[in-house]
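Each ligand, and each atom within it, is numbered from 1 in the order the structure gives. Predicted model, so just to flag it, every value in this text is computed and none were measured.
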Amino acid sequence: MKLHVSGDVTVPGDKSITHRALMFAAAAEGESRLRGLLPGADCQSTASVLRALGCGVPVLPADGSEIRVAGRGIAAWTAPVEALDCGNSGTTSRLMMGLLASRPFSATLTGDGSLRGRPMRRITDPLAAMGARFREHGAPDRLPIEVIGGPLNGIDYRSPKASAQIKSAVLLGGLGAGVPVSVTEPGLSRDHTERMLTALGERVETSETGDAVNLRLTPSGRALPPLDMAVPGDPSSAAFLVALALLADEGELRIRNVCVNPTRTGFFRLVERMGASIRFENERLAGGEPVADLLVAPAPLRGIDVGGAEVPAAIDEIPMLAVLAARAQGETRITGAGELRVKETDRIAALAQNLRAIGAEAEELEDGIVVRGSDRPLRGGIRAFHDHRIAMAFGVLGMRPENDIQVDDRAVVDVSFPGFWEMLERLGAR
Ligand code: S3P
């Protein structure tokens, strides 16, 4: 039996951009119009947190059709009556900490079991240095955390990690408080916050020294204007379909309207090094972001070494890359990816355990994983550990006709890619 993958598809809106579009629309003065928002559970969490702060954010429509957000400015946000439930969404909790740090009220952020297991001092430490106060109501460094907002001072923060969540929390803290801030990170993490701030008329300067990147926001003090934007497709979701097309025996897949911001396209560059060819067609700028249609066809893959500087632009796609490596020729070695241990689950452990459970060869490293490829049938059950990307990565591998792979928690994909299983079935109908 052969796997034939062809078609012309779109993926749901970008998760990172959707969170930010909702937050900026809720902080703006005037009516924003937003199209193509990701209706996944993580972004619904951001919408409901903003609603609990008194912002008129509607339920995100399943088809990405336009919503209007009536913003009254961040100064009109009101104290929530209950803890703000961020669900599974790290971005919701961490970026909201930045925005809440300057509000003249207290708000407690919490989340599901997975989110309550993730570190938060990486965010509260720089915000505390700006003058915000926090009360940890659970385990140290973990949600639930009460943000006791107030006036903030500026900061020149040197971040130990290339993390868009850390960088964005500091920038949003500075924006809300109206104080200049700068963040230096060891390599540029995804830059959607800076791009949107610039598009909204704020001054963000970027400079590079050696390997480090510095971002400096000097808030204008003016009210944020409303947004009118279309969110492009999520390259992290497109990565799963690209992997499916690469694993196929025949066909050709076109994925339209994908965000190809260079801070997000690391996975595409890495699979090209493995032997794939991914064509970017119809490249354009939309809503301040580079966008393209991707064209991809099956290709034999070989193992590669992936290290340090390449990781940030592919961080959310490493699960798919490691799983693809099980079908490549030779060994793939991924290092410098210790951050994977504190994502929705410990992704290094989850990958190694699941790869071995289906008969693939994988070795866990402290900061990465080594996978040895083969073409023998891979069979067995996958534990998703409540992680959408673990579930989807193995779901793709399960489409190979010789494999027989069952994922225990299929519903978890709704976090970032509602309709994922239906699309997989449709595209890979054998
Ligand atoms: C995100 C930043 C990344 C990424 C996450 C989304 C964002 O996390 O893994 O899925 O939208 O800012 P880090 O900033 O912790 O690397």
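- In this structure, a donor-acceptor pair under 3.5 Å is absent between the side chains of Gln44 and Ser48.
- Within the 4.0 Å heavy-atom criterion, the part of Arg190 lying near ligand 1 is the side chain and not the backbone.
- Partner of Leu294 under the side-chain contact (heavy atoms from CB on, under 4.5 Å) criterion, chosen from Thr265, Asn282, Asn257, Val260: Val260.
- Looking only at protein heavy atoms, the nearest one to atom 11 (O) of ligand 1 is Ser16 OG, 2.7 Å.
- Ligand 1 has an N or O atom lying under 3.5 Å from an N or O atom of Ala164, backbone or side chain.
- At the shortest separation from atom 12 (O) of ligand 1 among protein heavy atoms lies Arg20 NH2, 2.6 Å.
- At a cut-off of 3.5 Å, with distance as the only test, no side-chain donor of Glu339 or Ser163 sits close to an acceptor on the other residue.
- Every heavy atom of Lys161 sits 4.0 Å or more from the atoms of ligand 1.
- Looking only at protein heavy atoms, the nearest one to atom 4 (C) of ligand 1 is Asp316 OD2, 3.4 Å.
- Given atom 6 (C) of ligand 1, the protein heavy atom at minimum distance is Thr91 OG1, 3.5 Å.
- The residue among Ser159, Gly90, Ser163, Pro312 with a heavy atom at the shortest distance from atom 14 (O) of ligand 1 is Ser163.
- In terms of protein heavy-atom proximity, atom 1 (C) of ligand 1 is nearest to Gln165 NE2, 3.5 Å.
- For the residue pair His192/Ser16, the side-chain donor-acceptor check at 3.5 Å is not satisfied.
- Considering only heavy atoms from C-beta on, Leu38 comes within 4.5 Å of Pro418 through its side chain.
- Atom CG of Asp125 sits in a crowded spot, with more than 12 heavy atoms from other residues, nucleotides or ligands closer than 6.0 Å.
- Close approach to Lys343 involves these atoms of ligand 1, each under 4.0 Å from a residue heavy atom: 3 (C), 4 (C), 8 (O), 9 (O), 13 (P), 15 (O), 16 (O).
- Residue-environment remark: CZ (Arg273) exceeds the threshold of 12 foreign heavy atoms within 6.0 Å.
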